[in-house]
Amino acid sequence: MYVYASKILPLMVLPVGLVIELTFLAFLLLVAGKKKSSALLLLLAMVLLWTASMPYVADTLKGGLERAYPAVMMTEIPRSKCVVVLGGAVEPVRPPRVDIDLLDGADRVRKAAQLYNEGFASIVIVSGGNQPWSPFEESEAESIQTLLVERGVPAESIVLESDSRNTRENAFNSVALMEKLECGKPLLVTSAAHMKRAVAAFSRLRVEVFPVSTDVKVVDLPKLTVFDFLPDAEALHMTNDALREWIGQWVYKLNEWN
């Protein structure tokens, strides 16, 4: 039940959900003859949608997350026995799709393979299961394994954790494997914006990790332009993801999961 609630409830407070709710309330007020109140709510919905769709807002929110654990050069990464790469990077094959689909976080797979191939670790733990409503028969961890093998990581060097459905379970299940494998201090690979919550989830289990952030979205620009303040669909998507992560951090802190 918690898994469903954790995925559905945030939709009610994210920009698109709020705009729909405000528009519906505006419609009810209009039907009730309260035209001024209805117009005010419609204006509020438009302002909210515009604001959430601005690249400047998206970069500010996402950048605030990514700066907690910025990406590091390979020369700064220590050697370890294990790399732990978290799911949220790919979707398995399902007709009519014939290939594994790479999501926004697919850089995690590339980085994990790079760390193995360059001798930074000898074992890659892949953590990622499916949600209860998932249409996929194969777990995400299995799909990531396929991509890692394609990138030169031997199958026998990959350990799968296919039951986790969120970051907290990623950490809990991975730690159990790490203890059996005697990993020591592992290299943790996930998106930069997600790293703070991931590190905190492992820390809650008294496991220290070395964060290797990937999938950095916000880059330094010489100056702002008018386009940074105009609505953009990609910016709305980034704002949505950033707010979802901020909400996730708040929920984990509230429940003392970090």
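How far CD of Glu140 is from CD1 of Ile100: 10.0 Å, rounded to the nearest 0.5 Å. How far CG of Leu41 is from NZ of Lys36: 14.5 Å, rounded to the nearest 0.5 Å. For the atom pair CD1 of Ile158 and CD1 of Ile125, the computed distance is 11.5 Å after rounding to the nearest 0.5 Å. For the atom pair Thr167 OG1 and Met195 CE, the distance stands at 11.0 Å (nearest 0.5 Å). Between atom SG of residue Cys82 and atom CG of residue Leu115 there is a gap of 12.0 Å, rounded to the nearest 0.5 Å. For the atom pair Arg168 CZ and Asn173 CG, the distance stands at 10.5 Å (nearest 0.5 Å).
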Evaluate the side chain to side chain contact (heavy atoms under 4.5 Å, CB included) criterion for residues Leu102 and Leu147: first the C-alpha distance (whole Å), next the side-chain angles of each, then the deciding distance (0.1 Å), finally the verdict. CA-CA 10 Å; Leu102 305 182; Leu147 295 176; 3.6 Å; yes
Side chain to side chain contact (heavy atoms under 4.5 Å, CB included) for Asp163 and Phe172? Distances and angles first, verdict last. CA-CA 11 Å; Asp163 296 324; Phe172 186 84; over 6 Å; no
From CA spacing to verdict: side chain to side chain contact (heavy atoms under 4.5 Å, CB included), Gln249, Leu65: CA-CA 10 Å; Gln249 290 186 10; Leu65 292 166; 3.4 Å; yes
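At least one side-chain heavy atom of Lys81 sits less than 4.5 Å from a side-chain heavy atom of Ile123. Taking 4.5 Å as the limit, every side-chain heavy atom of Leu48 sits out of range of all side-chain heavy atoms of Leu44. Contact check for Leu177 versus Cys183: no side-chain heavy atoms found under the 4.5 Å cut-off. Side chains of Val212 and Val83 form no contact here, defined as non-hydrogen atoms less than 4.5 Å apart. Looking only at side-chain heavy atoms (C-beta outward), Glu138 and Val93 stay at 4.5 Å or farther from each other. Taking the side chain as every heavy atom from C-beta outward, Asp59 and Met238 approach each other to under 4.5 Å. Between Leu188 and Leu86 the shortest side-chain heavy-atom distance falls below 4.5 Å. Side-chain atoms of Pro15 and Leu236, non-hydrogen and from C-beta on, do get closer than 4.5 Å to each other.
For the pair Glu91 (side chain) and Leu103 (backbone), a donor-acceptor distance under 3.5 Å is absent. Between the Gln145 side chain and the Val126 main chain, no donor and acceptor come within less than 3.5 Å of each other. For Arg94 (side chain) and Glu137 (main-chain N/O), no donor-acceptor pair under 3.5 Å exists by modelled atom type. Not one N or O on the side chain of Arg151 forms a donor-acceptor pair closer than 3.5 Å with the backbone of Gln114. At distances below 3.5 Å, at least one donor-acceptor pair connects side-chain atoms of Trp50 with backbone N or O atoms of Phe229. In terms of modelled atom types and a separation under 3.5 Å, the side chain of Ser38 and the main chain of Lys34 share no donor-acceptor contact. At least one donor-acceptor pair under 3.5 Å links the side chain of Asp228 to the backbone N or O of Thr225. The backbone N or O of Phe136 sits less than 3.5 Å from a side-chain atom of Ser134, completing a donor-acceptor pair. Side-chain atoms of Ser80 never come within 3.5 Å of backbone atoms of Ala121 as a donor-acceptor pair (strictly under, hydrogens ignored).
Summarising the local packing, CD of Glu182 is surrounded by 12 or fewer heavy atoms from other residues, nucleotides or ligands at distances under 6.0 Å. The number of heavy atoms from other shown groups lying within 6.0 Å of NZ (Lys185) is above 12. Enclosure of atom NZ in Lys196 is not indicated, since only 12 or fewer non-hydrogen atoms of other residues, nucleotides or ligands lie within 6.0 angstrom. Within 6.0 Å of atom CZ in Arg206, 12 or fewer heavy atoms from other residues, nucleotides or ligands are found, so the atom counts as exposed in its surroundings. Dense packing is recorded around CZ of Phe120, with more than 12 heavy atoms of other residues, nucleotides or ligands lying under 6.0 Å away. More than 12 heavy atoms of other residues, nucleotides or ligands sit less than 6.0 Å from atom CE of Met74.
Note on Val153: it does not cluster hydrophobically with Leu181, by side-chain heavy-atom contacts below 4.5 Å among ILVMFWY residues. A continuous path of hydrophobic side-chain contacts links Val13 to Trp250 [ILVMFWY only; heavy atoms under 4.5 Å]. Cluster annotation: Tyr56 is connected to Trp246 through the hydrophobic network of ILVMFWY side chains, with a link wherever side-chain heavy atoms come within less than 4.5 Å. Neither Val189 nor Tyr69 shares a network with the other; the hydrophobic side chains, linked directly or stepwise wherever heavy atoms of I, L, V, M, F, W or Y lie under 4.5 Å apart, form separate groups for each. Leu42 and Val47 fall into different hydrophobic clusters, where Ile, Leu, Val, Met, Phe, Trp and Tyr side chains are chained together by heavy-atom contacts under 4.5 Å.
The pair Arg197-Glu245 counts as a salt bridge, with a side-chain nitrogen and a carboxylate oxygen less than 4.0 angstrom apart.
Considering every non-hydrogen atom in both Glu234 and Asp232, the closest pair reads N-OD2, 3.0 Å. Residues Ala198 and Thr190 approach most closely at CB-CG2, 4.2 Å, considering heavy atoms. Nearest approach of Ser162 to Ser139, heavy atoms of both residues: OG-OG, 3.2 Å. Of all the heavy atoms in Arg165 and Asn130, the pair that sits closest is CG-O, 3.6 Å. Pairing each heavy atom of Tyr116 with each of Ser157, the nearest pair is OH-OG, 3.1 Å. Contact record, Arg79 with Glu118: NH1-O, 3.1 Å, taken as the closest heavy-atom pair.
At a cut-off of 3.5 Å, with distance as the only test, no side-chain donor of Glu169 or Ser164 sits close to an acceptor on the other residue. Of the N and O atoms on the side chains of Asp107 and Thr214, not one donor lies less than 3.5 Å from an acceptor on the other residue. Side-chain atoms of Ser174 and Glu161 form no donor-acceptor pair, as typed in the model, at a separation below 3.5 Å. With no hydrogens or angles considered, no side-chain donor-acceptor pair links His194 and Asp215 at under 3.5 Å.
Applying the side chain to side chain contact (heavy atoms under 4.5 Å, CB included) rule to Glu21 yields the partners Met12, Leu18; only residues at least two apart in sequence or on another chain are considered.
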